[in-house]
Amino acid sequence: MTSGSLPGRQASLTDVAVLAGVSHMTVSRVVNKTGPVSAATRAKVLAAVEKLSYRPNSAARALVTGKSGILGVVTLDSTLYGPASTLYGIEHAAREAGYSVTITSVGTPNSSAIAEAIETLRRLAVEGIVVIAPHAAASKSLEGAPLDIPLVAVGGGQEAPVPMIAVDQADGARRATEHLLALGHKTVWHVAGPVDWLEAQDRETAWRQTLKRHRVRAPRIIRGDWSSRSGYAAGQALAREKDLTAVFVANDQMALGLLRAFTEAGIAVPKDVHVVGFDDIPEAAYFSPPLTTVRQDFIEVGRRTFRQLAEQIDGREPAARDLVPAELIVRESTGPR
């Protein structure tokens with residue numbers, strides 16, 4: 001507690017006015033930047049603000065200025081690397097621009113849960129809302145989203161009814177598949193993510209289209225749930241396949257489980273089979289062997305998401321879709337055989 005702070009409670013705007021010897025309205029003008037104040041008076045007010053550790057009340061500031069300095073984010077209740085990193089990227093961009101972020105998590109991504117979360121954030125006077133919507137049901141729920149508040153979806157799919165930002169999943173999957181084909185493999189197997197996740201759908205579709213474009217037979221799909229455990233089960237199933245030489249796994253966690261299953265089955269990577277993942281989680285470079293994977297730039301996703309939201313807040317029309325390029329990171333799991 002500073003020497004001028006008030007014991008037991010947070011300083012109010014009135015406390016600042018009394019200490020600075022000015023009116024309540026003058027303090028409001030300085031804090032909210034809503035009117036002319038002399039340099040000397042502004043200096044007195046700011047000195048009182050610092051001495052009392054005063055922090056403006058966002059709801060009160062919203063009433064005065066129409067701007068709360070707060071953005072809302074609706075996200076799935078998930079610790080998966082993709083959604084969690086997306087949230088971090090958005091928070092990072094918002095902080096750099098001087099905004100704070102309020103987060104509302106939903107356990108079930110249905111229409112009523114998303115609508116309730118959006119309404120909760122609106123009551124908090126947020127200036128705009130981001131919905132992290134990689135799940136098909138979450139994207140569908142945006143069709144009834146309110147039109148009177150800036151709104152952006154992250155990972156909402158091609159048919160998102162609001163402005164949407166995402167990493168180019170299709171291009172990333174194409175790069176992964178073509179990398180394996182360029183190494184001379186006759187076909188590429190795919191361990192896909194859950195069928196109701198938009199990112200899993202985009203990666204699977206691009207994998208199929210890439211094989212078709214190269215006139216290569218597409219093997220049957222092995223499907224997981226994003227977890228290392230499901231990747232391990234997929235690896236056990238694939239270890240029984242004859243002529244298996246290349247696998248594109250829809251995320252790095254499943255690739256980790258698959259590598260463990262291959263090791264137990266006596267299949268050496270990259271000597272016997274080449275493996276590519278997706279995400280480039282921080283641990284991917286330390287897998288055994290280090291994993292070739294597709295990197296998603298979540299900081300750039302956050303930056304572009306904030307830009308889209310800021311354009312709407314300023315009354316401008318944002319682009320309907322904005323795709324962040326994916327990057328193939330080549331490591332030892334697709335090295336010399």
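Since the structure is predicted, the reported quantities are computational estimates derived from the model, not experimental observations. Residues take their numbers from the sequence shown, with the count starting at 1.
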Checklist entry - Under 3.5 Å, is there a donor-acceptor pair between the Gln201 and Gln169 side chains? => result no

Next on the checklist: Between Glu127 and Tyr99, is there a side-chain heavy-atom distance shorter than 4.5 Å?
Outcome noted: yes

Item to check | Any side-chain heavy-atom pair of Ser105 and Thr75 under 4.5 Å | outcome: yes

Next on the checklist: Between Val45 and Val37, is the side-chain contact (heavy atoms from CB on, under 4.5 Å) condition met? List the steps.
Outcome noted: CA-CA 10 Å; Val45 171; Val37 178; 5.8 Å; no

Next on the checklist: So does Ser38 get a backbone contact from the side chain of Thr41, meaning a donor-acceptor N/O pair under 3.5 Å?
Outcome noted: no

Item to check | Side-chain touch Leu76/Val106, heavy atoms, less than 4.5 angstrom | outcome: yes

Next on the checklist: With a 4.5 Å cut-off on side-chain heavy atoms, are Leu328 and Val294 touching?
Outcome noted: yes

Checklist entry - Quick check: does any side chain N or O of Arg295 sit under 3.5 Å from a backbone N or O of Asp279, one acting as donor and the other as acceptor? => result no

Item to check | Closest non-hydrogen atom pair, Pro282 against Tyr81 | outcome: CD-CE1, 3.5 Å

Checklist entry - Would Thr334 and His179 count as a side chain to side chain donor-acceptor pair (under 3.5 Å) if you check the C-alpha gap in whole Å, the side-chain angles of each, and the deciding distance to 0.1 Å? => result CA-CA 9 Å; Thr334 58; His179 173 65; 3.0 Å; yes

Next on the checklist: Regarding Arg303 and Asp297, does a basic nitrogen lie under 4.0 Å from an acidic carboxylate oxygen?
Outcome noted: no

Checklist outcome for this item: Taking every heavy atom of Arg304 against every heavy atom of Pro325, the minimum-distance pair comes out as NH2-CD, 4.0 Å

Checklist entry - Are Trp197 and Val249 linked, directly or through other ILVMFWY residues, by side chains that come within less than 4.5 angstrom of each other? => result yes

Item to check | Side-chain heavy atoms of Ile70 within contact of Leu124, under 4.5 Å | outcome: no

Checklist entry - At their closest point, which heavy atom of Gly335 faces which heavy atom of His274, and how far apart are they? => result O-NE2, 2.7 Å

Item to check | Ile90 vs Ile132, side-chain contact (heavy atoms from CB on, under 4.5 Å): CA-CA, chis, key distance, verdict | outcome: CA-CA 10 Å; Ile90 293 167; Ile132 301 176; 4.1 Å; yes

Checklist entry - In a check of side chain to side chain donor-acceptor pair (under 3.5 Å) between Thr293 and each of Asp280, Asn251, Asp252, which one passes? => result Asp252

Checklist entry - Got a sec, which residues hit salt bridge (charged side-chain N to carboxylate O under 4.0 Å, His left out) with Glu116, two or more places apart in sequence or on another chain? => result none

Next on the checklist: Quick check: closest heavy atoms across Arg217 and Pro219, and the distance to 0.1 Å?
Outcome noted: O-CD, 3.4 Å

Checklist entry - When you look at Arg208 and Thr210, which way does the side-chain contact (heavy atoms from CB on, under 4.5 Å) test go after all the steps? => result CA-CA 5 Å; Arg208 289 186 184 279; Thr210 303; over 6 Å; no

Checklist entry - Mind checking whether His190 and Phe248 have parallel, tilted or perpendicular rings, split at 30° and 60°? => result parallel

Checklist entry - Is there side-chain contact between Phe262 and Asp272, with heavy atoms separated by less than 4.5 Å? => result no

Checklist entry - Does any non-hydrogen side-chain atom of Ile313 lie less than 4.5 Å from one of Glu311? => result no

Item to check | Check: Thr245 side chain, His185 main-chain N or O, donor-acceptor pair, under 3.5 Å | outcome: no

Next on the checklist: Pair Val188, Val216 - check side-chain contact (heavy atoms from CB on, under 4.5 Å), show working.
Outcome noted: CA-CA 9 Å; Val188 177; Val216 171; over 6 Å; no

Item to check | Hydrophobic cluster membership, Leu180 vs Ile221, 4.5 Å side-chain cutoff | outcome: yes

Next on the checklist: Strictly distance-based, threshold 3.5 Å: is any side-chain N or O of Arg321 a donor or acceptor partner for the main-chain N or O of Ile165?
Outcome noted: no

Checklist entry - Between Leu323 and Val167, what is the shortest heavy-atom contact and its length? => result CD2-O, 4.5 Å

Item to check | Hphob cluster co-occupancy, Val276 + Trp207, side-chain heavy atoms under 4.5 angstrom | outcome: yes

Checklist entry - Is the side chain of Ser228 donor-acceptor paired with the backbone N or O of Gln253 at a distance under 3.5 Å, no angle test? => result yes

Checklist entry - Is there a side-chain contact between Gln312 and Pro163, using heavy atoms and a 4.5 Å cut-off? => result yes

Item to check | Side chain Arg331, main chain Thr292, donor-acceptor under 3.5 Å | outcome: no

Next on the checklist: Is there a path of hydrophobic side-chain contacts, each under 4.5 Å between heavy atoms of I/L/V/M/F/W/Y residues, joining Val301 to Ile103?
Outcome noted: yes

Next on the checklist: Quick check on the hydrophobic clustering: are Phe278 and Ile281 connected, directly or via other members, by side-chain heavy-atom contacts under 4.5 Å?
Outcome noted: no

